[in-house]
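Structure, as structure tokens:
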Amino acid sequence: MGAAAALAIGGGAAAQSPAALNDAPPPLPATAATQTVPVADDMRSILDQLPLLGARAIATLTPVEARLEPTAADAYNAAIRKSGMSVAPDATVTTQDLAYGADPMQYARVYRPGAAAGTGAPLPLLVYYHGGGWVLADLTAYDATPRLLAKQLNAIVVSVEYRRAPEYRFPAQHDDAAAAYAWAVRNAPAWGADPARVALAGESAGGNLALNTAIYARDHALARPAHVLAIYPIANSDPALPSRRDSVAAVPLDTAMLGWFAHYYAAGAGDTADPRLDLVRADLRGLPPVTIVNAQIDPLRSDGETLAQALRGAGVSVQQRTYGGVTHEFFGMGRLVRGAYDAELYAVARLKAAFGL
């Protein structure tokens, strides 16, 4: 479907030309439904920090304004401080930033677990892509997941930064994801990683990139990943999906924001019909096993559920779980949120099995 239909996800009108960095946001949609599922108390303790941090509705802002807003990670850290715990990152996992391309945004953060020191044996390699609708966020906002996975898997994790829209519109982010994967596999031995034991992971827009990179690897004779972990991935452009309605007012991601993202990343009227964005209609045959994690209170919940169906229809081994009472961005919040803790254990177990650990 075209950009106009995709923007119907949020109820706004499609722009006649690609939106720019300081262009006004699209009109807000009329609210067609309200959230009826209660948020779990531990998840609510984090979401309650957002208004205290001054967070505004992203769909009412320009990209420049939105990039200055407090993130879910900021709210999580605020809740951690309130609980009396430290927000300092786990120092047993070290990081190094390295360029994989010429643009300043084309770099990656390599996470090395402390347990790797002195072992001599090559570690598994996990290439991870962060979320943000291809418009917002960065590696720092999404530090929790790659740091957690590096430690729990005792693996080298490469967290990929990529060019953002609207400065660079679709498919620049997908091109960067594939280039970074090839670069990571090529450089794995220098980091003490085994290029023959590689997997892909990502959250939200990054979950979409992880699946797309697996498709790219299949079609371009790159190292075949052993597994794909897709956490609340963007995968279905249908504006009538159930979660678009029942989670229309969810926090921190609401339905209007999906239209807002499309308004800024789409370069042409047909972009959202492209199978790289509308993944449920992509050629999914021959992909490695996939794990999909979803939050119950999230407009992207149905994306993950319908993607699992499409993968099964293509003959791909897939497991999908939806965690109750939690919202978008819950993954990585396991110190405070039980649903996140359970999801993290599940994802780690699936990746360990894929790596033969």
Side-chain angles (χ1 to χ4, degrees), residues 1-21 23-30 32 58-59 63 66 129 131-137 162-178 202-216 230 232-245 247-248 253-284 292 294 298-311 328:
M1 83 185 167
L7 288 172
I9 292 171
Q16 295 302 306
S17 59
L21 191 60
D23 281 2
L28 287 174
I58 294 296
Y129 304 96
W134 301 300
V135 178
L136 305 178
Y162 45 84
R163 293 169 294 171
R164 291 179 297 185
E167 297 97 316
Y168 296 92
R169 300 179 182 89
F170 173 79
Q173 300 75 30
H174 292 73
D175 294 342
D176 287 355
E203 296 182 59
S204 196
N208 173 287
L209 293 178
L211 262 299
N212 271 288
T213 302
I215 294 171
Y216 185 91
Y232 25 78
I234 296 174
N236 194 325
S237 296
D238 183 358
L241 292 172
S243 63
R244 299 289 196 268
R245 299 188 301 273
S247 297
V248 67
L253 179 72
D254 58 34
T255 299
M257 287 173 64
L258 301 181
W260 185 89
F261 288 130
H263 181 74
Y264 290 106
Y265 70 63
D271 279 353
T272 54
D274 190 296
R276 286 169 289 185
L277 298 175
D278 202 16
L279 263 174
V280 295
R281 291 165 182 82
D283 178 5
L284 303 172
I292 302 173
N294 284 108
D298 183 354
L300 292 179
R301 185 192 70 245
S302 296
D303 290 58
E305 294 167 349
T306 56
L307 177 60
Q309 294 171 358
L311 286 162
H328 198 77

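Note that the numbering runs from 1 along the sequence shown for the chain.
- Scanning all heavy atoms of the two residues, the minimum distance from S243 to P299 falls at OG-O, 2.7 Å.
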- Check the pair Y232 / L253 against side chain to side chain contact (heavy atoms under 4.5 Å, CB included), numbers first and verdict last. CA-CA 11 Å; Y232 25 78; L253 179 72; over 6 Å; no

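- When the options D254, D303, T255 are evaluated for a side chain to side chain donor-acceptor pair (under 3.5 Å) with R244, the one that passes is D303.
- Residue A230 comes nearest to G207 through the heavy atom pair CB-O, 4.1 Å, listed as atom of the first residue, atom of the second, then distance.
- Heavy-atom minimum distance, A310 versus V280: CB-O, 3.7 Å.
- Aromatic ring pairs are classed by plane angle as parallel below 30°, tilted from 30° to 60° and perpendicular above 60°; the pair H174 and W134 is tilted.
- With a 4.5 Å cut-off on side-chain heavy atoms, I292 and P233 count as touching.
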- side chain to side chain contact (heavy atoms under 4.5 Å, CB included) assessment of L277 paired with I234: CA-CA 7 Å; L277 298 175; I234 296 174; 5.8 Å; no

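- Within the 4.5 Å cutoff, the side chain of N212 has heavy atoms near those of the L279 side chain.
- Put simply, the side chain of Q173 gets close to the backbone of Y168: a donor and an acceptor are under 3.5 Å apart.
- Shortest non-hydrogen contact noted between G133 and A205 is N-CB, 3.7 Å.
- You'll find the side chain of T306 stays beyond 4.5 Å of the side chain of D238, heavy atoms only.
- Between Y265 and T272, the closest side-chain pair of non-hydrogen atoms falls below 4.5 Å.
- Across A210 and G202, no two heavy atoms sit closer than the pair CB-N, 4.0 Å.
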- Task: Kindly indicate, with the supporting measurements, whether the criterion side chain to side chain contact (heavy atoms under 4.5 Å, CB included) is fulfilled by L136 and W260.
- Result: CA-CA 11 Å; L136 305 178; W260 185 89; 3.9 Å; yes

- Step by step, work out the side chain to side chain contact (heavy atoms under 4.5 Å, CB included) result for N236 and S302. CA-CA 8 Å; N236 194 325; S302 296; over 6 Å; no

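- For the pair L300 and S204, the minimum side-chain heavy-atom distance is below 4.5 Å.
- H263 and P25 make their closest contact through NE2-C, 4.4 Å (heavy atoms, listed as atom of the first residue, atom of the second, distance).
- Going from atom OH of Y216 over to atom CG of L209 covers 14.0 Å, rounded to the nearest 0.5 Å.
- Salt bridge present: R301 and E305 bring a charged side-chain N and a carboxylate O closer than 4.0 Å.
- Between D271 and R276, no side-chain nitrogen of the basic residue sits less than 4.0 Å from a carboxylate oxygen of the acidic one, so the salt-bridge criterion is not met.
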